[in-house]
Amino acid sequence: MRAKRIALVSIFPEMFAALTDYGITGRAVKEGLLEVRCWNPRDFTSDRHRTVDDRPYGGGPGMVMLPEPLYQALGEARAWAGEMGLARTIYLSPQGRPLDQAGVEQLSEAGNLVLLAGRYEGVDERIVDMLVDEEWSIGDYVLSGGELAAMVVVDAITRLIPGALGHDQSAVEDSFARGLLDCPHYTRPEEYRGRAVPDVLLSGNHERIRRWRLKQALTRTQQRRPDLLERLELDREQKQLLEEIQQEWKS
Ligand SMILES: Nc1nonc1C(=O)NC1CCNCC1
């Protein structure tokens, strides 16, 4: 299977070592499942100071990223990512569509991607108009740069690449993939500082364990994120377990 290509445009390319040098994303790169490459707008400047930003028209605080270095960096990034047909260019910003697992699945099905990570107050809007296909946000808060947001997107998408998770894990098993919060997890020792592991997990009865984990996930989702439950089409078993949970709450 051809490697998924994700191009990044950022003035801090070294930050992406966090993706390429560690964990599941690092292994995906090593195994040729994922190719990540960064273009730095500073390499597309012509002045001595390699200037990538300037003051905003209309005044106000902060600086805005100049269009030309971005235009050239994005041009090369799009050519590389789009070498097998079109690549979708994504700009990470708080003005974007809020990212959730459904959005991650959509982005992972979109083929190769170019992720534009802005700094300062943002990028000149004409670059968004000319070259950006979609804006996405990883949450309603303000970061110092789009790089961490871009890495969140790459990490979440990589988990969906066939073979990226170890043989003993499965993205489908991820509770969020089922729209639920995760169940509690335990490992050795069986008793830790006076706190024991739930007996069911020591029973070896895989059906009982599966059911217990699902009930825990439903309980947590009901308690902490009832909004997620409202969006879900629960199957018969989940409805029955939710009934049990609500009865237990009443008693
Ligand atoms: N939230 C966010 N999801 O994606 N990007 C986000 C973000 O805060 N970007 C910063 C906004 C201010 N300028 C520097 C980048």
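Treat the numbers as computed from the prediction; the structure is a model and nothing was measured. We count ligands from 1, going down the list as the structure has it; atoms in each ligand are counted the same way.
- With respect to atom 12 (C) of ligand 1, the closest heavy atom belonging to the protein is L143 O, 3.7 Å.
- The contact set between ligand 1 and G146, taken as ligand atoms under 4.0 Å from a residue heavy atom, comprises 15 (C).
- Heavy-atom contacts of G139 reach the following atoms of ligand 1: 1 (N) (cutoff under 4.0 Å).
- Nearest heavy atoms, Y91 versus G118: CE1-N, 4.2 Å.
- Distances shorter than 4.0 angstrom do not occur between any heavy atom of A117 and any atom of ligand 1.
- Between Y141 and ligand 1, an N or O atom pair is found at a separation short of 3.5 Å.
- The nearest heavy-atom contact from the protein to atom 3 (N) of ligand 1 is I138 N, 3.0 Å.
- Every atom of ligand 1 is numbered from 1 in the order shown, and the set under 4.0 Å from a heavy atom of G145 is 14 (C), 15 (C).
- Regarding atom 9 (N) of ligand 1, its nearest protein heavy-atom neighbour is P94 CD, 3.8 Å.
- Between the choices W136, Y91, Y120, the shortest heavy-atom distance to atom 14 (C) of ligand 1 belongs to Y120.
- The contact set between ligand 1 and V142, taken as ligand atoms under 4.0 Å from a residue heavy atom, comprises 8 (O), 12 (C).
- For the residue pair A3 and E35, the shortest heavy atom distance occurs at CB-OE1, 3.8 Å.
- Under the side chain to side chain contact (heavy atoms under 4.5 Å, CB included) criterion, E134 pairs with R88, I90, L107, W136, sequence neighbours left out.
- Closest heavy-atom contact between G166 and R27: N-NH2, 3.2 Å.
- Of all the heavy atoms of S93, the ones lying under 4.0 Å from any atom of ligand 1 belong exclusively to the backbone.
- Partners of R48 under the side chain to side chain contact (heavy atoms under 4.5 Å, CB included) rule, at least two apart in sequence or in another chain, do not exist in this structure.
- The two residues V9 and A73 come nearest to each other via the heavy atoms CG1-CB, 4.0 Å.
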Exercise for review: Could you go through the salt bridge (charged side-chain N to carboxylate O under 4.0 Å, His left out) check for D43 and R50 one step at a time?
Suggested key: CA-CA 7 Å; D43 296 334; R50 293 163 50 89; 3.1 Å; yes
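- Within ligand 1, the atoms closer than 4.0 Å to a non-hydrogen atom of A149 are 4 (O), 5 (N), numbered from 1 in the order shown.
- Residue-ligand proximity, S144 to ligand 1, at heavy-atom distances under 4.0 Å covers atoms 14 (C).
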Practice item. In sequence, state the C-alpha distance, the side-chain angles, and the governing distance for Q106 and R97, and then conclude on side chain to side chain donor-acceptor pair (under 3.5 Å). Key: CA-CA 12 Å; Q106 278 176 36; R97 171 182 160 185; 2.9 Å; yes
Practice item. Run the numbers on Q72 and E76 for side chain to side chain donor-acceptor pair (under 3.5 Å), then give the verdict. Key: CA-CA 6 Å; Q72 292 183 32; E76 292 208 4; over 6 Å; no
